[in-house]
Number of protein chains: 2
Amino acid sequence: MRDIERWDIFELSLDGPQDGNPFVDVRFGARFSHGHRVVEVDGFYDGANTNRSSGVYRVRFMPDTPGPWSYVTTSNRAELDGVAGQFTCTDPGPGNHGPVRVSNTTHFAYADSSPYFPIGTTCYVWNHQGDALEEQTLETLRTAPFNKMRMCVFPKHYTFNQNEPVYHAFERTESGEWDYARFNPAFFQHLEQRIGGLRNLGIEADLILFHPYDRWGYAAMDAETDDRYLRYLVARLAAYRNVWWSMANEYDLMEAKTMADWDRLFRIVQESDPHQHLRSIHNCYAFYDHAKPWVTHCSIQHHDLGKVTEWRKLYGKPVVVDECGYEGNIEFNWGNLTPQELVNRFWRGAAQGGYVGHGETYLHPQDVLWWSKGGVLHGQSAARIAFLRRILEEGPAQGIAPATEHWNVTCAGVLGEYYLHYFGNSQSARRFIDLPEDARFTIEVIDAWEMTITQLDGTYSGRCEIPLPGKPYIALRIKKVV
Amino acid sequence: MRDIERWDIFELSLDGPQDGNPFVDVRFGARFSHGHRVVEVDGFYDGANTNRSSGVYRVRFMPDTPGPWSYVTTSNRAELDGVAGQFTCTDPGPGNHGPVRVSNTTHFAYADSSPYFPIGTTCYVWNHQGDALEEQTLETLRTAPFNKMRMCVFPKHYTFNQNEPVYHAFERTESGEWDYARFNPAFFQHLEQRIGGLRNLGIEADLILFHPYDRWGYAAMDAETDDRYLRYLVARLAAYRNVWWSMANEYDLMEAKTMADWDRLFRIVQESDPHQHLRSIHNCYAFYDHAKPWVTHCSIQHHDLGKVTEWRKLYGKPVVVDECGYEGNIEFNWGNLTPQELVNRFWRGAAQGGYVGHGETYLHPQDVLWWSKGGVLHGQSAARIAFLRRILEEGPAQGIAPATEHWNVTCAGVLGEYYLHYFGNSQSARRFIDLPEDARFTIEVIDAWEMTITQLDGTYSGRCEIPLPGKPYIALRIKKVV
């Protein structure tokens, strides 16, 4: 009997018909069973065999419980129906913590309960740049601090993004139009390869399902096509443990879709995904209502990190400011932050119990900007973001929450136990803080830019005057003496 | 016949009664006439003569029209009534441009039509620190870039402000309480000396009439006392051409006063001042309605300079952000800006046709912080503010207005003639701007922090790509070639 490690991919491939349009004519799926529990999973058509005598049908499943599993296929075609088998779900291997879930209301954790603090970056269409550049991007990510990647399914048309993608998602008709009823399996196979590459680096793929920057037609497909596309994509990808569903980049710029469309598309993903990966939607100007039940966490574009506390209260979900501006030097205000300012925004968000995302937009002679195409990093923020990631990972596993009993200061923590103060771009030479009277605390002065941690002598309690270096980007880490 | 230069002080002193309470029992004033024009002016009691045999009564007048003037006093006491005389108003001397007025709706100019771009600083109670420090402050101002000083009539009680003032505004009763019906002339004589010192340096005195930081009683006087104080102060000071009336610092923190009180106090100043000096009121949190007719310009406390354009539109008056935070290193967020950030806020306001104010709050062993007590400047912003003042003074005399036809950029100017773009703390290495097609323009790249101006080769028209240094605090000055 086959062994499949927990949260890895079990895949069953069967030969089946390739006449007509298998994408729409053939229904195929399987029921996976563990004890009395049954999980229904959609399969998908993956194109004709190389000899074109038959088609390949696959169904994928991510077992979440160790032990024996069995399955039986279901189809409207006899040759694909009733195929049964078993496998054993074994313990996960090194680095496999399972999918990320919401944990402690406004934070995240892996399915195995180990903490996950999202430190995301954005390379919107790194997966549409050809193998050489795509592999360079993976190589860069190997030593970068990021554990989440925002990336699009579809190619991008925009400033700095004029190149034609290698793959398209649909076949063409004889007249050269898209045949929206026939997917191009190679497009999706390539996407899977890149998502798997991220998984192997421990990086979540925050997969953007729709976006407005388009010259090919992906942004204005009809509802039937959108729905079929989503079901097909979920059937292919839901077994990848590192997939997150981001319904859109800048949903509010997609003129062809209404708010009712977005609600419907969310529900299709929710009902199709047997593994219930995280779901979000990203705005340009107006927020989607993140309080809606199918939204697992807030994915926000906003430059003002001062609002993180408000958003946490308003939505009662994790707040991920996926786009707060990028480090770079292009002509647009969304891409001309100094590295200091991007690091400042990361810390401002973190010191309110939120999470902030990275991107880089330095002008490049071949228009290879990290934010869209990947490649290599040119900036100075990534090293500081790695330092912040370390600070977060050394902190409370359950995450920290705003602790605003100290006026005038951005502070998050676990009351009575741990506080992370952050003083932003101010240059105070001292601060007064009020610690609980009934315990002693150690205080470390952190320089978020210089990446230094200096412990102050002694222990502290009650009202304390803290000398500071009198320069920007200073934080305090305060821990109860146990 | 005496000569008085235009916008200087004509003063008539008369001996009169000093029995009873001359501050309330004696009415005294004069009618000043030029041709058929008559201006009624209140006089004031300035205390007993040194031999205490009589009291000194004065009336002051700032003639605004050259030529012969005559006057006749009015009083309810015969010895002060009907005293007549003449003087000649002559041309102003060097440096005397008259009082500052609103000009071109949202800007200012001197009465002689020369432009006035307010570059203010704040030393709230520099005039209550004793002569040695006060004279040091004047010496500092001699070479500083400031042409406006925010300062309080009354002393201040606050963090860093625990010292007792040299003078108090009222006499004490025998039991040691304030006698609010008897002013202390020495208090006001000293204030006049300091306002005159500012005038001699070309600095407007933006005089704060009430403020909340008090341990002596000035912040909670009854309405009768407030009104008498204002009339007395206006009678004494209105002839000083460099006086502006700021009704309050942080009016909304003065719990003893209602909005109706503020309206009444404004109207008293308006109706008492024969010379109609500028009038404003400064907030902590909530704005007073600057649209009210007695408000000549907006005096604003706010950290977000991005709102200047909105305030200009909302109120249709000059916008002076008198307090946007200070350069310094104290523990409070209103006083821990880096010099870079304060300079950045000055430019952001200026590049929207607004005006921003300076202050410094560096910790000092004797608590001599410029923001409150004056002394010497310790920071790095003042030199850059001098540079900005030069840029403004080299620009259009009528002032500049938001010119937001270029998206993504803070830009003010005179359409078709002059543009000042400012790119804030961003680090773009290029910008695209759209200039009118029907003219040619020169472009200078300004580094607001390094204080350099570099003219780009050639002339420009239409859509232009402008290379920039890729660092923060860069501006463009664009001038039509004539």
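Note that this is a predicted model, so its numbers are computed, not measured. Note on naming: letters A, B, ... go to the chains in the order of the sequence lines (proteins, then strands), and numbering restarts at 1 for each one.
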Between the side chains of B/Thr338 and A/Gln427, is a donor N or O closer than 3.5 angstrom to an acceptor N or O? no

Could you check whether A/Ser428 and B/Glu331, counting side-chain N and O atoms only, form a donor-acceptor pair closer than 3.5 Å? no

Residue from B/Gln340, B/Arg430, B/Glu327 scoring the most non-hydrogen pairs under 4.5 Å with chain A is B/Arg430

Is the A/Trp334-A/His303 ring centre distance short of 6.0 angstrom? no

Looking only at heavy atoms, what is the nearest atom pair of A/Asp304 and A/Trp311, with distance? O-CH2, 3.8 Å

Here the pair of heavy atoms bringing B/Tyr422 nearest to B/Ile474 is CD1-O, 3.5 Å

Can you check whether anything in residues 460-467 of chain B gets within less than 4.5 Å of chain A, heavy-atom wise, and list it by number? none

Heavy-atom pair with the smallest gap, counting every atom of A/Thr410 and A/Ala351: CG2-O, 3.4 Å

Report yes or no: does B/Gln352 contribute a side-chain atom to a donor-acceptor pair with the main-chain N or O of B/Leu305 at less than 3.5 Å? yes

Using a 4.5 angstrom heavy-atom cutoff, name the option from B/Ser426, B/Gly424, B/Gly335 with the most pairs to chain A. B/Ser426

How would you list, in number order, the residues of residues 361-377 of chain B that have a heavy atom less than 4.5 Å from chain A? B/Tyr362, B/Leu363

Taking A/Gly379's backbone N and O only, do any of them form a donor-acceptor pair with A/Glu360's side chain (distance below 3.5 Å, no angle check)? yes

Flag the one option from B/Gly470, B/Ala429, B/Pro472, B/Gly325 with the top tally of heavy-atom pairs under 4.5 Å to chain A. B/Ala429

Please check if the side chain of A/His282 supplies one atom and the backbone of A/Glu250 the other of a donor-acceptor pair under 3.5 Å. yes

Partner residues of B/Arg477 under the salt bridge (Lys or Arg N to Asp or Glu O under 4.0 Å) criterion, sequence neighbours left out: B/Glu394, B/Glu444

Between the CZ atom in A/Arg440 and the CG atom in A/Leu435, the distance rounded to the nearest 0.5 Å is 9.5 Å

Which heavy atom in A/Tyr124 sits nearest to a heavy atom in A/Glu323, and how many Å separate them? OH-OE1, 3.3 Å

So A/Ile330 and A/Phe160, do their side chains get closer than 4.5 Å, heavy atoms only? yes

Can B/Lys156 and B/Asp214 be counted as an ion pair, charged N to O under 4.0 angstrom? no

So which bits of residues 449-457 of chain B come within less than 4.5 Å of chain A, counting non-hydrogen atoms only? none

